[in-house]
2 protein chains.
Amino acid sequence: MGITIKDIANAAGVSFSTVSKALNDSPLVKPETKSKILKTAKELGYEPNFAAQRLVSKQSKTIGLVWPTVERAALSTLVTKINEEIEKHGYSMILSINPAASAVEMFRRFQVDGIIVFEENNNRLKVDFSPDLPVISYGAAHNQTVPVIDVNYKKAMYQAVHYLYELGHTNISYVGDFSPIDQRQIEKYKGFLEAMEQFNLDVNERSLINSGGLDWYDGYMATKRLLNSGFIPSAIVGGSYDISSGIIRAVREENLIIPKDISIIGYDNIPQMANLETPLTSVGVPVDELAKSIVHSLLKQMAEPNSLPLLQTLQPELKERASCAGTSHKS
Amino acid sequence: MGITIKDIANAAGVSFSTVSKALNDSPLVKPETKSKILKTAKELGYEPNFAAQRLVSKQSKTIGLVWPTVERAALSTLVTKINEEIEKHGYSMILSINPAASAVEMFRRFQVDGIIVFEENNNRLKVDFSPDLPVISYGAAHNQTVPVIDVNYKKAMYQAVHYLYELGHTNISYVGDFSPIDQRQIEKYKGFLEAMEQFNLDVNERSLINSGGLDWYDGYMATKRLLNSGFIPSAIVGGSYDISSGIIRAVREENLIIPKDISIIGYDNIPQMANLETPLTSVGVPVDELAKSIVHSLLKQMAEPNSLPLLQTLQPELKERASCAGTSHKS
DNA sequence: TTGTATGCGTTATCAT
DNA sequence: ATGATAACGCATACAA
């Protein structure tokens with residue numbers, strides 16, 4: 001039971017509707033009364049009742065983010081960036097770590113003005129959105145009804161392989177998660193394959209290493225297996241930030257020098273890549289750009305519904321750091 | 001502009017207050033009318049307006065969780081568990097990754113029924129809580145006004161050292177973050193020191209290794225330094241899950257066998273510890289218990305304000321897995 | 001058992 | 001420039 005505008009009205013000796021106007025900085029109220037009202041409001045420690053405001057205004061000025069899996073480094077930074085971007089536009093962000101369906105339902109009740117969904121694996125939202133609630137999804141393209149922000153994973157892999165090829169590498173391995181249910185991973189996998197083909201590079205079982213997971217030790221273990229198979233590629237492409245950090249670890253454990261003995265390039269484009277033991281050259285959409293793109297798209301969708309294309313594909317960039325070098329010998 | 005109870009009332013040919021009662025499963029309404037109302041409600045796709053419900057009931061049935069730093073494995077699982085526990089009690093959870101002060105302010109506006117704050121480093125909430133909003137904090141004890149759930153870190157370290165001591169270890173090192181601003185880490189550090197003292201074990205600069213951070217490669221690098229200093233302890237205590245996984249990596253890299261050559265015990269008690277390359281014996285409050293305790297305490301505080309002690313300290317447990325063994329030689 | 005009336009705190013549309 | 005009043009969608013005390 002906090003202070004209401006009526007309390008302020010009493011204290012200031014005006015009507016509550018005048019108080020409302022003053023609080024909303026309406027030009028219809030005399031500056032003197034306005035400042036007096038503001039003053040007593042502060043004195044009384046007034047806090048607007050959000051529920052009431054929403055009930056009448058039908059706006060919550062907040063955006064919900066659905067994030068079913070809370071445990072991945074690259075996504076964590078993306079969430080942080082998205083939050084910053086949202087606040088920059090005068091909105092608040094709330095998170096739910098529930099499955100898409102129930103998270104969305106809850107956000108509806110909270111009357112969020114818009115929703116961002118991180119789609120993961122099979123956590124697709126089959127929910128039929130009432131068309132009035134702007135939703136945008138971040139995830140690989142797939143036939144559905146809400147606009148999705150996608151990343152051109154194939155191009156990313158092309159860039160990675162191309163870059164290595166230009167440096168003279170021909171024995172290139174890919175260490176990543178080949179899970180058949182994660183569309184993002186599938187795209188990377190296929191992208192690598194296509195790129196290798198385009199450059200006429202040999203692909204065999206030792207150039208395709210399934211980490212079977214996205215954690216750093218998945219990448220670590222997979223790389224161990226690769227290196228212990230007796231075949232040492234001259235370059236490795238890592239499927240994600242976490243996986244790549246595992247690759248680096250495994251490679252160093254074999255006393256191979258990066259990038260002298262072996263080059264590493266990883267997917268993802270977050271600042272942390274520079275902080276790894278060996279600053280990692282990487283491909284991917286810069287996380288700031290990703291965040292901006294997601295937020296701006298949603299805002300646009302909120303401003304004018306159905307103004308968004310069903311699919312926006314962001315282009316990756318290559319960022320050179322210190323983990324790749326040329327080969328002297330073309331093997 | 002969704003369907004309201006008035007729409008249902010019209011469609012069902014009753015008054016809207018009867019609809020309200022029916023929807024709330026009031027015994028005051030005849031079963032037949034009730035089912036009829038429920039049916040037409042479903043037909044029309046009725047969704048209750050949360051803002052209105054809250055405006056009148058002054059309850060949101062949701063709990064806010066403040067989590068300023070989204071990037072730590074052990075905390076991720078804790079958040080997930082807390083979420084489950086909250087839902088189990090008929091509440092929803094929303095997350096904010098903003099600094100405590102602004103997150104709390106936002107939750108207030110959302111009229112959450114209670115707030116859980118993860119305190120980290122210096123991210124203390126100096127906010128003066130209006131006494132009407134139940135808050136509970138998870139973090140090391142410190143003089144403040146809201147009840148906090150603490151963990152007996154000293155006892156945890158005692159258990160760890162005691163366990164190793166019983167196994168015959170005398171050369172024990174601690175690898176952890178010595179940051180002077182993180183109360184939790186300080187407690188662990190001091191706890192280790194005290195335990196060593198109690199068992200009359202020698203403490204020198206090689207038994208206290210500052211990882212300077214909480215990420216896995218912080219633990220990795222610190223352990224590397226330790227092992228390369230020429231001194232190999234017979235056991236290492238890790239300050240956290242992430243750090244410990246880095247320790248394991250570094251130890252294996254030196255071709256030391258766990259636990260034959262060296263024993264490792266880590267702080268934290270989450271299921272993932274069993275999934276590390278070497279299943280890690282650990283001390284800490286089991287994450288389920290922690291989650292339960294946090295949620296139940298908050299719920300209790302919500303039910304009867306000020307019924308909670310300002311400090312509750314949870315006791316850690318030792319969980320044996322496969323990373324510790326006895327020493328044959330008492331050095 | 002059902003319906004009527006009132007209020008929750010705010011904004012917005014009228015008058016004044 | 002200010003105030004009275006309605007409306008937002010719902011719950012509930014009270015009347016029928």
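Here is how names work: the chains are called A, B, and so on, in the same order as the sequence lines, proteins then strands, and each is numbered from 1.
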Quiz item: Within less than 4.0 Å of OP1 or OP2 of D/dA1, is there a side-chain N or O belonging to A/T33?
Solution: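 No, because none of the side-chain N or O atoms of A/T33 sits under 4.0 Å from OP1 or OP2 of D/dA1.
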Quiz item: When you check the phosphate oxygens OP1 and OP2 of C/dT11, does a side-chain N or O of A/K58 lie under 4.0 Å from one of them?
Solution: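 Answer no for this pair, as no side-chain N or O of A/K58 is under 4.0 Å from OP1 or OP2.
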Tabulate below the donor-acceptor pairs under 3.5 Å that side-chain atoms of residues 293-302 of chain A make, not counting sequence neighbours, or state none.
unit_1 : atom_1 : unit_2 : atom_2 : d
A/H296 : NE2    : A/E85  : OE2    : 3.0
A/H296 : NE2    : A/H89  : NE2    : 3.2
A/S297 : OG     : A/S293 : O      : 2.8
A/S297 : OG     : A/Q312 : NE2    : 3.1
A/Q301 : OE1    : A/N306 : N      : 3.4

Practice problem: Rounded to the nearest angstrom, tell me the gap between atom CG in B/L55 and atom C1' in C/dG7. | Solution: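 About 9 Å, once rounded to whole Å.
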Practice problem: Could you state the atom-to-atom distance from CD of B/Q111 to C1' of C/dC8 in whole Å? | Solution: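 Roughly 10 Å, once rounded to whole Å.
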Quiz item: Taking protein heavy atoms under 4.0 Å as touching, what does nucleotides 10-16 of chain D look like 5' to 3' if B marks base contact, S marks sugar-phosphate-only contact and - marks none?
Solution: SBBB---
Practice problem: Indicate whether any N or O donor in one side chain lies under 3.5 Å from an N or O acceptor in the other, for A/Q185 and A/S179. | Solution: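 There is no such pair between these side chains.
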Self-check item: Residues forming a side-chain contact (heavy atoms from CB on, under 4.5 Å) with A/K61, sequence neighbours excluded
Solution: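 By the side-chain contact (heavy atoms from CB on, under 4.5 Å) rule, A/K61 matches A/Q59, A/Y91, A/D113.
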Exercise. Output all residues satisfying side-chain contact (heavy atoms from CB on, under 4.5 Å) with A/T18, sequence neighbours left out; order by chain, then residue number.
Key: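 With neighbours one apart ignored, the set is A/V14, A/S15, A/V29, A/I37.
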Quiz item: Can you list every pair that meets salt bridge (Lys or Arg N to Asp or Glu O under 4.0 Å) and has a residue in residues 5-27 of chain B, with sequence neighbours left out?
Solution: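 Counting only pairs at least two positions apart or across chains, the salt bridge (Lys or Arg N to Asp or Glu O under 4.0 Å) contacts touching residues 5-27 of chain B are B/D25-B/K34.
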Quiz item: Among pairs that include at least one residue of residues 284-299 of chain B, which meet salt bridge (Lys or Arg N to Asp or Glu O under 4.0 Å), considering only residues two or more places apart or in two chains?
Solution: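 As it turns out, the salt bridge (Lys or Arg N to Asp or Glu O under 4.0 Å) pairs with a partner in residues 284-299 of chain B, which skip direct neighbours, are B/K81-B/D288.
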Quiz item: Using the C1' atoms of five pairs at each end, what's the angle between the two axes of the helix from C/dT1-D/dA16 to C/dT16-D/dA1, to 10 degrees?
Solution: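 Taking five pairs per end, the axes differ by 50°.
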Practice problem: Not counting sequence neighbours, list each pair that qualifies as a ring pair (Phe, Tyr, Trp, His ring centres under 6.0 Å) and has a residue in residues 9-28 of chain B. | Solution: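 Matches after skipping sequence neighbours: none remain.
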Quiz prompt | salt bridge (charged side-chain N to carboxylate O under 4.0 Å, His left out) partners of A/E87, counting only residues at least two apart | solution =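 With neighbours one apart ignored, the set is empty.
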Quiz item: Of all residues at least two apart in sequence or in a different chain, which pass the salt bridge (charged side-chain N to carboxylate O under 4.0 Å, His left out) check with A/E43?
Solution: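 So A/E43 forms a salt bridge (charged side-chain N to carboxylate O under 4.0 Å, His left out) with A/K39.
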Quiz item: With sequence neighbours excluded, what pairs up with B/F50 under the ring pair (Phe, Tyr, Trp, His ring centres under 6.0 Å) test?
Solution: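 For B/F50, the residues satisfying ring pair (Phe, Tyr, Trp, His ring centres under 6.0 Å) (neighbours in sequence not counted) are A/F110.
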Self-check item: Neighbours of DNA chain D within residues 35-44 of chain A, by heavy-atom distance under 4.0 Å
Solution: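 Nucleic-acid contacts, sorted: none.
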